There are 2 protein chains.
Amino acid sequence: MEDAEPKGPQRRRTAGRANVTIRDVARHAGVSVATVSRALRGSDLVHPATRERVDAAIEELRFTPSQLGRSLAERRHAANGIVFPDLSGPFYAEVVLGYEEVAATLGRSVLILSTQNRESADEMVLDLAGRVDGLAVFGRTVHDDVVAEVVQRGVPVVLMARTEIAGADSVRTENVVAAASVVDHLLAHGHRRMAFLGDPVDSTDVAERWAGFRGALAQAGAEVPERTIPAGFKEDDGARVAAELTAGGLPDVVVCANDELALGLTVALAEQGVQVPGDVAVTGWDDVMAARYAGLTTVRQPMREMGARAARLLDARISGDHSEPRHDVLTTQLVVRRSCGPHPKEAPR
Amino acid sequence: MEDAEPKGPQRRRTAGRANVTIRDVARHAGVSVATVSRALRGSDLVHPATRERVDAAIEELRFTPSQLGRSLAERRHAANGIVFPDLSGPFYAEVVLGYEEVAATLGRSVLILSTQNRESADEMVLDLAGRVDGLAVFGRTVHDDVVAEVVQRGVPVVLMARTEIAGADSVRTENVVAAASVVDHLLAHGHRRMAFLGDPVDSTDVAERWAGFRGALAQAGAEVPERTIPAGFKEDDGARVAAELTAGGLPDVVVCANDELALGLTVALAEQGVQVPGDVAVTGWDDVMAARYAGLTTVRQPMREMGARAARLLDARISGDHSEPRHDVLTTQLVVRRSCGPHPKEAPR
DNA sequence: CGCTCCTTTGGTACCGGTTACATAAACCGG
DNA sequence: CCGGTTTATGTAACCGGTACCAAAGGAGCG
């Protein structure tokens, strides 16, 4: 009832349309803010008749509760973050999608951060960590100490495709066995001299693929290359090494760290008159959409599932699960297409 | 100084590690919260010596300001949202990336929401609107009245690839002229009987492409199909109509509403022994990565730029720009590859 | 030496919700 | 008709910052 002209300091501000708050609703409905709040949250401690009055007031004033006020009071953001290098490849998009899907189901919004080698990535991740209840971090985005700092602040973290860090869950896909199965398949084709394209230093995944690659070759008694052909993850990176490859004498196969590399390489080779798989076989990794159309032999990873798994792990932590960190490993699958050569059955060894 | 034991109700809460607040820092540094706040925000009204003490306290207590408290006081989220149907195609991923890139540069986080025909999409969008300072909404995600509601609440909205709504900016790509240029190119190939694959009801973009398609055919005096062959936007949708097409007598060309449709169709046709472009030509739209490897003639859209543009428009509105809504149209570009047949020069008309 | 003016700092009322605790009203068996 | 519950509501203290206003201390000046 009291319309006591508020006389405190700090009145207007954004001059814009006044926001209707829970107190306005309370006044309008002739009840206290506590009752409005209870009605809002569906507490059963509100008399039906009162609830009706409150609902009417809410309707009439077109009131929408402020997420900020609510979050501050509840001390939770109801939001998760995810950090990835970029979204230009199809790879991360799938992971993000799986993550978003599960997070949304659990009632959490998703904040994304693409680091795309911004120099300020570290600070941006720390900032993001302050806006969420949990954070998923992809490999090769930020330094370990940044992740450690986030963990230290008490924000649950799940790592994806990245070496483990104390106190954080992780989700990875299997690489060593998969790489070995690629090599075995290529050996069955009769291929012997194999090169590996990619930089193991850049990523845990690549390092493991490289290790599996070497291991399988060694086990088969085949020639094991000393080192990889260094390259990034983009089509351009693949194209760039084509000349070097042809000049240095072609191997039988080039096993690439991902599909984009493989595809870029294949096109660049073709421009130099080198045919795939005729003159050299090529394999990729990820099984992106373009790989299907380019007939690229590759390894399929359950990317969507990886994102979904990460979201669920985070949810558990946020909900108070204090058990030992989990480290999930998802299985991968060899996908044979024509880029590794005609099928052994059809071609004499 | 006064350590007055706080005796109010409501003490502990999440029992977890206590959060250090600005008041702790103030006490520790022997100054007031106002001074700490000023030091935090880099105000020049703080004596260097004082600032040093404050910084030391912050360091010592490992204090991190709460984004929530700050946002509530500043009445801004420092975050933008973006709503899209899904992220599985390469299309939206690019747009989101462009959006995120600009938003991050402007100091805003990005909240994503993928509606993927969830029945609760409307509420989710309204919820999202309460967590951001501005919202970008893609076509075919939520109903017009939901968007209107968001606008009405005072949250700036920019629409992407969607018909205009009062009070909201929009960014689209050019469709009519581009569709006409596709048709003209196909006519130059000697193709006459053309079909259009896609559902104009689903999307403004498709409707415009269909209109441009018909217009160009009519203008050339060629046969204008009565209706489109309805289809969604996925490879499956394209594959599904292959049988129907071959059964009904093949046209010279199938112009598809997007690349995924075109690619799915092409593969399904091949399985039925129908060759592209030998037996029928096919064109797509978007120029996704796979289109390059499949040799698909298509229309390239500046997807990244669309996202970036949307982020900038929003920033202007959030910063208080109250001018008339803007409606940007980005130009597109025909990309000719082999799926529309041998080049006219090489093939007699 | 007294008096402005300027630089720093402190006190405190917000931002918009939630909820512990107190209180009042309604219900109940004896 | 009364003490004891149970149910419904109000009061006010938080959540963790920001910024307005006032005031204290120093410098500069006549």
Side-chain angles (χ1 to χ4, degrees), chain A residues 1-2 4-14 16 18-27 29-54 58 61 63-78 130-131, chain B residues 1-2 4-14 16 18-27 29-54 58 61 63-78 130-131:
Chain A
M1 220 31 50
E2 73 293 339
E5 168 73 30
K7 66 288 177 192
Q10 195 181 34
R11 207 82 301 272
R12 76 276 144 307
R13 177 98 57 133
T14 38
N19 260 318
V20 20
T21 78
I22 198 173
R23 286 167 234 266
D24 300 324
V25 175
R27 185 161 25 232
V31 299
S32 73
V33 293
T35 300
V36 176
S37 179
R38 289 191 201 99
L40 276 177
R41 334 207 63 236
S43 159
D44 52 350
L45 283 162
V46 180
H47 192 89
T50 312
R51 181 185 303 272
E52 220 164 282
R53 288 223 311 289
V54 172
I58 288 174
L61 299 175
F63 166 74
T64 331
S66 150
Q67 278 297 335
L68 280 177
R70 181 168 286 180
S71 290
L72 184 58
E74 287 181 345
R75 310 181 77 167
R76 57 173 244 141
H77 299 266
R131 306 168 156 274
Chain B
M1 214 54 28
E2 75 293 340
E5 170 72 30
K7 66 288 175 192
Q10 198 179 32
R11 206 81 303 270
R12 75 279 143 301
R13 177 99 55 135
T14 36
N19 260 318
V20 21
T21 78
I22 199 173
R23 286 166 234 266
D24 300 323
V25 175
R27 185 160 26 233
V31 298
S32 73
V33 292
T35 301
V36 176
S37 179
R38 283 190 217 68
L40 275 177
R41 339 211 54 239
S43 157
D44 51 350
L45 285 163
V46 181
H47 192 89
T50 311
R51 180 183 303 272
E52 222 164 279
R53 289 222 312 289
V54 172
I58 288 175
L61 298 175
F63 166 73
T64 331
S66 149
Q67 278 297 333
L68 280 178
R70 181 169 285 180
S71 289
L72 184 57
E74 289 181 343
R75 312 182 74 169
R76 56 173 245 139
H77 299 266
R131 307 168 155 271

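Values reported hereafter were calculated over all heavy atoms of this structure, with side chains retained and with hydrogens, waters and symmetry mates removed. Every value quoted in this text rests on a predicted model; they were computed, and no experiment measured them. In what follows, chains are A, B, ... by sequence order, proteins preceding strands, each numbered from 1.
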Tell me the interatomic distance from [X], atom [atom1], to [N], atom [atom2], rounded to whole angstroms.
{"X": "A/His47", "N": "D/dT6", "atom1": "NE2", "atom2": "C1'", "value": "14 Å"}
{"X": "A/Ile22", "N": "D/dT9", "atom1": "CD1", "atom2": "P", "value": "15 Å"}
{"X": "A/Glu74", "N": "D/dG16", "atom1": "CD", "atom2": "P", "value": "14 Å"}
{"X": "A/Arg75", "N": "D/dG17", "atom1": "CZ", "atom2": "P", "value": "11 Å"}
{"X": "B/Arg23", "N": "D/dC14", "atom1": "CZ", "atom2": "P", "value": "10 Å"}
{"X": "A/Asp44", "N": "D/dT6", "atom1": "CG", "atom2": "P", "value": "15 Å"}
{"X": "B/Gln67", "N": "C/dG16", "atom1": "CD", "atom2": "P", "value": "18 Å"}
{"X": "B/Ile58", "N": "D/dG16", "atom1": "CD1", "atom2": "P", "value": "16 Å"}

Reckon [X] has a side-chain N or O less than 4.0 Å from the OP1 or OP2 of [N]?
{"X": "A/Arg41", "N": "C/dT18", "result": "yes"}
{"X": "B/Thr35", "N": "C/dT9", "result": "no"}
{"X": "B/Thr21", "N": "D/dC15", "result": "no"}
{"X": "A/Arg38", "N": "C/dT19", "result": "no"}
{"X": "B/Ser37", "N": "D/dT18", "result": "yes"}

What nucleotide, of [options], holds the atom closest to the side chain of [X]?
{"X": "A/Arg70", "options": "C/dT18, D/dT18, C/dG11", "result": "C/dT18"}
{"X": "A/Leu40", "options": "C/dG10, C/dT18, D/dG16", "result": "C/dT18"}
{"X": "A/Ser32", "options": "D/dT11, C/dG17, D/dA8", "result": "D/dT11"}
{"X": "A/Ala34", "options": "C/dG10, D/dT11, D/dG16", "result": "D/dT11"}
{"X": "A/Thr50", "options": "D/dT9, C/dG17, D/dT18", "result": "D/dT9"}

One should read off an interatomic distance between A/Arg27 CZ and A/Thr21 OG1, to the nearest 0.5 angstrom, of 7.5 Å
Short side-chain to backbone donor-acceptor contact, B/Arg53 and B/Pro48, under 3.5 Å
no
Q | Backbone N/O of B/Val31 and side chain of B/Thr35: donor-acceptor pair under 3.5 Å | A | no
Of all heavy-atom pairs linking A/Arg38 and A/Leu45, the shortest is CD-CB, 4.4 Å
Which part of the nucleic acid, if any, lies within reach of [X] when heavy atoms closer than 4.0 Å are counted: base, sugar-phosphate only, or nothing?
{"X": "B/Val36", "value": "nothing"}
{"X": "A/Gly30", "value": "sugar-phosphate"}
{"X": "B/Leu72", "value": "base"}
{"X": "B/Leu45", "value": "base"}
{"X": "B/Val33", "value": "base"}
{"X": "B/Ser43", "value": "nothing"}

- Do A/Ser66 and A/Asn19 come close enough that some side-chain heavy atom pair is under 4.5 Å? no
| request: Answer whether the closest heavy-atom distance between the side chains of B/Thr64 and B/Ile58 falls below 4.5 Å. | output: no
